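One structure below.
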Amino acid sequence: MDREDILIYIYQAKNLQVVKLVIKESTDGVAVELVGDMEESQLEEINSAVRWMLALDEDFTEFYALTNHEPKLQQVEKKAQGRLLRSPNLFEDIVKTILTTNTSWSGTIRMTAALVEQFGDPFHGSNNEYAFPAPDRIARSDEQTLREVTRLGYRAPYILQLSQEVSSGSLDLNAYKSSEMEPDQVHSQLLSIKGIGNYAAANLMMLLGYYDYLTIDSWALKMVSQEFFNGDQISPQDVKDVFERWGKWKGLVYWLWNWSDTK
DNA sequence: GGTAGACCTGGACGC
DNA sequence: GCGTCCAGGTCTACC
């Protein structure tokens with residue numbers, strides 16, 4: 001994201017071509033400018049990818065109706081919030097989520113950039129723009145490289161194992177996006193991936209459109225404590241109890257809650 | 001089921 | 001510049 005109203009994404013198509021997508025708001029929705037060579041037949045693939053990334057097919061009418069009664073959520077409908085930006089494929093989101101765990105945001109950016117520069121295919125004509133690496137690119141690497149060159153630390157074996165399983169076909173992440181699996185089943189499958197714990201699984205469930213999972217990390221505990229418990233020490237269960245009344249939308253409510261008045 | 005300690009890195013801080 | 005401490009979620013061993 002270069003500017004607040006523009007999203008730039010380096011996309012690698014199924015035929016491995018790399019193009020640049022410049023996505024911006026338009027009067028009738030979203031406009032996508034395609035930079036680079038792409039066959040006409042692949043436009044549908046791009047269209048589908050962008051719709052998924054921006055969750056354009058999801059309906060938030062019910063959610064907005066709920067938020068309008070909560071002062072802390074007054075901005076939600078006005079700003080058309082609710083759509084979480086996600087990657088074109090779940091593999092990328094899982095890797096990025098693992099890279100958010102147990103580190104600072106700057107650490108996440110550093111590790112992601114290193115992974116992309118080390119293993120991603122470059123966008124034509126650019127020496128600093130790369131597509132997110134496909135699973136097989138990382139799978140062909142080794143733990144030592146991921147630790148020492150990409151600086152993933154102890155996350156290296158997790159990322160390597162995930163890449164190898166997706167690359168070999170033993171792990172089919174597309175199944176998680178299908179409606180044939182129950183949400184609880186998807187959740188438990190995510191938890192079975194090494195490196196994915198409660199926080200990461202909840203984050204991924206949100207990205208998959210299941211908004212009744214709470215991403216409870218240290219920041220959540222701090223903010224909920226200050227907002228609802230006068231700064232007292234609280235547990236993850238306390239966070240769940242606070243947002244339980246929002247039912248299947250609780251994850252989004254927590255995500256979009258206006259914490260700005262919290263001291 | 002609950003808990004403690006290890007994992008790894010970068011940033012902050014004190015000297 | 002160097003050493004130390006701390007924050008951040010997950011895994012594993014142990015009780």
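This structure is a prediction, so every number in the text was calculated from the model and none was measured. Lettering of chains follows the sequences in order, A, B, ..., and the numbering in each one begins at 1. Computed over heavy atoms, backbone and side chain alike; hydrogens, waters and symmetry mates excluded.
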For atom CG of N198(A) and atom P of dC11(C), their distance in whole Å: 9 Å
Tell me: CD1 of I216(A) to P of dG8(C), nearest whole Å? 15 Å
Side chain E77(A), main chain T67(A), donor-acceptor under 3.5 Å: no
Evaluate the ring planes of Y158(A) and Y154(A), with Trp represented by its six-membered ring, and classify them as parallel (under 30°), tilted (30 to 60°) or perpendicular (over 60°). perpendicular
What's the CG-P distance between L162(A) and dT10(C), to the nearest Å? 15 Å
With the side chain counted from C-beta on, respond yes when T108(A) and K96(A) share a heavy-atom pair under 4.5 Å apart, and no when they do not. no
Rounded distance (Å) that lies between atom P of dT10(C) and atom CG of L99(A): 13 Å
Please report the distance, rounded to the nearest Å, between CD1 in I196(A) and C1' in dC11(C). 13 Å
In whole Å, I'd like the distance from the CH2 atom of W105(A) to the C1' atom of dG8(C). 14 Å
Steps toward side-chain contact (heavy atoms from CB on, under 4.5 Å) verdict (V22(A), V32(A)): CA-CA 6 Å; V22(A) 182; V32(A) 181; over 6 Å; no
Tell me what G195(A) touches on the nucleic acid: a base, only sugar-phosphate, or nothing, going by heavy atoms under 4.0 Å. sugar-phosphate
Got a list of protein N/O to nucleotides 6-8 of chain B N/O distances below 3.5 Å?
unit_1, atom_1, unit_2, atom_2, d
dC8(B), OP1, R147(A), NH1, 2.3
dC8(B), OP1, R147(A), NH2, 3.0

Does a side-chain N-to-carboxylate-O contact under 4.0 Å join E33(A) and K20(A)? no
Under 3.5 Å donor-acceptor, R147(A) side chain and A156(A) backbone: no
State, yes or no, whether a side-chain contact exists between E39(A) and Q17(A) at a heavy-atom distance under 4.5 Å. yes
Between N203(A) (CG) and dG8(C) (C1'), how many Å, whole number? 15 Å
Return the value, rounded to whole Å, for the distance between atom CD of Q161(A) and atom P of dT10(C). 16 Å
Please determine whether a side-chain nitrogen or oxygen atom of S218(A) lies at a distance below 4.0 Å from atom OP1 or OP2 of dA7(C). no
By the 4.0 Å heavy-atom rule, please label A200(A) as base, sugar-phosphate, or nothing. sugar-phosphate
